[in-house]
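This report refers to the structure that appears directly beneath it.
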Amino acid sequence: MNSPSLLPILRYPDPRLHTVAQPVKAVDDRIRSLIERMFETMYDANGIGLAATQVDVHERLIVIDVSETRDERLVLINPEIEWASPEKRKGEEGCLSVPGIYDGVERSIAVRVRALDGNGVERTIDAQGMLAVCIQHEMDHLLGKVFVEYLSPLKRDRIKSKLVKAQREALRA
């Protein structure tokens with residue numbers, strides 16, 4: 001880790017990734033500090049989204065930045081999907097908790113989400129494309145679900161074996 005403010009990202013199949021997140025009770029200095037550390041961690045790992053669950057904080061908090069320029073930060077606290085388009089599309093997804101693995105997942109192409117921002121102000125966001133996919137992916141984490149759970153049991157078992165083996169080899173190195 002380069003910076004002491006970077007947070008360790010849980011790796012699949014860590015059972016803590018299956019913890020259902022609790023609502024954030026107050027947007028206070030602790031949460032604002034966590035938001036900053038999550039953005040720093042996400043940018044350092046070249047991610048576009050990070051749920052608090054992935055850094056072993058089991059509260060309903062997500063940070064996202066799908067921009068090329070890495071300057072369009074989006075904070076979703078206690079997010080709820082109010083509407084999801086019936087039209088779905090299968091797209092390649094990856095995950096910071098499942099490094100090096102990409103596979104197709106079917107998601108709604110547009111969503112409307114209600115959440116608090118980093119200042120505790122309620123907002124409604126209409127998202128489509130990559131942002132809509134990212135929001136759905138990160139909200140799954142808050143429910144204790146990792147994207148590989150959408151894949152067949154055979155694929156999931158292969159991914160789990162590959163990652164467990166890689167973790168063992170990393171510990172030996």
Side-chain angles (χ1 to χ4, degrees), residues 5-7 9-10 12 16-98 101-151:
S5 62
L6 291 179
L7 299 161
I9 297 172
L10 298 178
Y12 182 80
R16 293 172 290 179
L17 287 168
H18 299 296
T19 304
V20 175
Q22 299 303 307
V24 171
K25 289 181 176 47
V27 181
D28 53 17
D29 288 344
R30 179 185 69 84
I31 290 294
R32 282 188 282 277
S33 171
L34 178 59
I35 289 166
E36 290 310 311
R37 292 181 73 194
M38 285 175 63
F39 270 116
E40 191 174 336
T41 301
M42 179 189 78
Y43 289 137
D44 183 72
N46 293 316
I48 60 170
L50 187 65
T53 301
Q54 293 175 272
V55 294
D56 204 19
V57 176
H58 303 285
E59 294 180 74
R60 294 182 56 77
L61 168 61
I62 294 168
V63 298
I64 293 174
D65 187 345
V66 295
S67 70
E68 294 283 322
T69 49
R70 313 302 270 158
D71 61 357
E72 294 177 26
R73 295 165 40 135
L74 178 63
V75 174
L76 301 174
I77 298 171
N78 299 334
E80 298 294 335
I81 293 181
E82 293 189 327
W83 173 85
S85 70
E87 186 182 345
K88 296 179 185 287
R89 184 171 301 130
K90 190 172 193 170
E92 282 273 291
E93 288 188 26
C95 180
L96 295 177
S97 292
V98 192
I101 305 293
Y102 300 87
D103 213 315
V105 177
E106 189 172 79
R107 303 264 188 200
S108 292
I109 63 167
V111 292
R112 177 173 301 123
V113 181
R114 185 175 29 82
L116 301 179
D117 67 14
N119 297 312
V121 177
E122 188 172 296
R123 332 176 25 179
T124 301
I125 293 132
D126 287 305
Q128 51 201 338
M130 173 75 81
L131 180 57
V133 168
C134 190
I135 288 171
Q136 293 170 84
H137 175 109
E138 299 307 332
M139 285 186 70
D140 275 353
H141 280 299
L142 300 181
L143 299 171
K145 190 167 187 176
V146 181
F147 91 97
V148 295
E149 292 170 46
Y150 288 100
L151 308 178

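Residue indices begin at 1 and follow the sequence shown.
With sequence neighbours left out, Y43 forms a ring pair (Phe, Tyr, Trp, His ring centres under 6.0 Å) with F39. With sequence neighbours excluded, the residues forming a side chain to side chain donor-acceptor pair (under 3.5 Å) with R30 are E59, listed by chain and number. Remark: Y150 engages no residue in a ring pair (Phe, Tyr, Trp, His ring centres under 6.0 Å) (not counting sequence neighbours). Under the salt bridge (charged side-chain N to carboxylate O under 4.0 Å, His left out) criterion, D29 pairs with R32, not counting sequence neighbours. Annotation: side chain to side chain donor-acceptor pair (under 3.5 Å) contacts of T53 (sequence neighbours excluded): none. A127 meets the side chain to side chain contact (heavy atoms under 4.5 Å, CB included) test with V111, I125, L131, A132, I135; sequence neighbours excluded.
Counting heavy atoms from C-beta outward, L6 and R37 have side chains that stay 4.5 Å or more apart. Contact of the E87 side chain with the S108 side chain is not registered, since no non-hydrogen atoms from C-beta on lie closer than 4.5 Å. Side chains of V63 and I35 form a contact here, defined as non-hydrogen atoms less than 4.5 Å apart. Between C95 and H141, some side-chain heavy-atom pair lies under the 4.5 Å cut-off. Between L116 and V121, the closest side-chain pair of non-hydrogen atoms is not below 4.5 Å. In this structure the side chain of I109 never reaches within 4.5 angstrom of the side chain of Q128, judged on heavy atoms. In this structure the side chain of V146 reaches within 4.5 angstrom of the side chain of V98, judged on heavy atoms. Contact annotation: the side chain of I81 approaches that of Q136 to within less than 4.5 Å [non-hydrogen atoms, C-beta and beyond].
The CD1 atom of I48 sits 8.5 Å away from atom NE2 of H137, with the distance rounded to the nearest 0.5 Å. Annotation: the span from I77 atom CD1 to N119 atom CG amounts to 8.5 Å, rounded to 0.5 Å. In this structure, CE on M38 lies 9.5 Å from CD1 on I64, to the nearest 0.5 angstrom. For the atom pair D117 CG and E122 CD, the distance stands at 10.0 Å (nearest 0.5 Å). Note: L10 CG to S97 OG = 6.0 Å, rounded to the nearest 0.5 Å.
Counting all heavy atoms, side chain and backbone alike, T41 lies closest to S5 at OG1-O, 4.2 Å. Taking each heavy atom of I9 and A45 in turn, the nearest pair found is CD1-CB, 4.1 Å. Nearest heavy atom pair, residue L96 against residue G49, reads CD1-O, 4.0 Å. When every heavy atom of Y12 is checked against every heavy atom of V148, the shortest pair comes out as CZ-CG2, 3.5 Å.
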Tabulate below the donor-acceptor pairs under 3.5 Å that side-chain atoms of residues 18-26 make, not counting sequence neighbours, or state none.
| from | atom 1 | to | atom 2 | distance (Å) |
| --- | --- | --- | --- | --- |
| H18 | ND1 | G144 | O | 3.0 |
| H18 | ND1 | E149 | OE2 | 3.3 |
| T19 | OG1 | R16 | O | 3.0 |

Self-check item: Check against side chain to side chain contact (heavy atoms under 4.5 Å, CB included), E138 and Q54
Solution: CA-CA 9 Å; E138 299 307 332; Q54 293 175 272; 3.0 Å; yes

Quiz item: Can you list the steps and then say if L34 with L7 is a side chain to side chain contact (heavy atoms under 4.5 Å, CB included)?
Solution: CA-CA 9 Å; L34 178 59; L7 299 161; 4.0 Å; yes

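With V75 as the partner, the side chain to side chain contact (heavy atoms under 4.5 Å, CB included) test is satisfied by one option alone out of L61, V27, I62: L61.
The side chain to side chain donor-acceptor pair (under 3.5 Å) contacts involving residues 66-79 comprise E36-R73, D65-S67, T69-D71, where partners must be two or more places apart or lie in separate chains. Residue pairs meeting the salt bridge (charged side-chain N to carboxylate O under 4.0 Å, His left out) criterion with at least one member in residues 102-116, sequence neighbours excluded: E82-R114, E93-R107, D103-K155, R107-D140, R112-D126.
Applying the 6.0 Å contact sphere to NZ of K90 captures no more than 12 heavy atoms from other residues, nucleotides or ligands.
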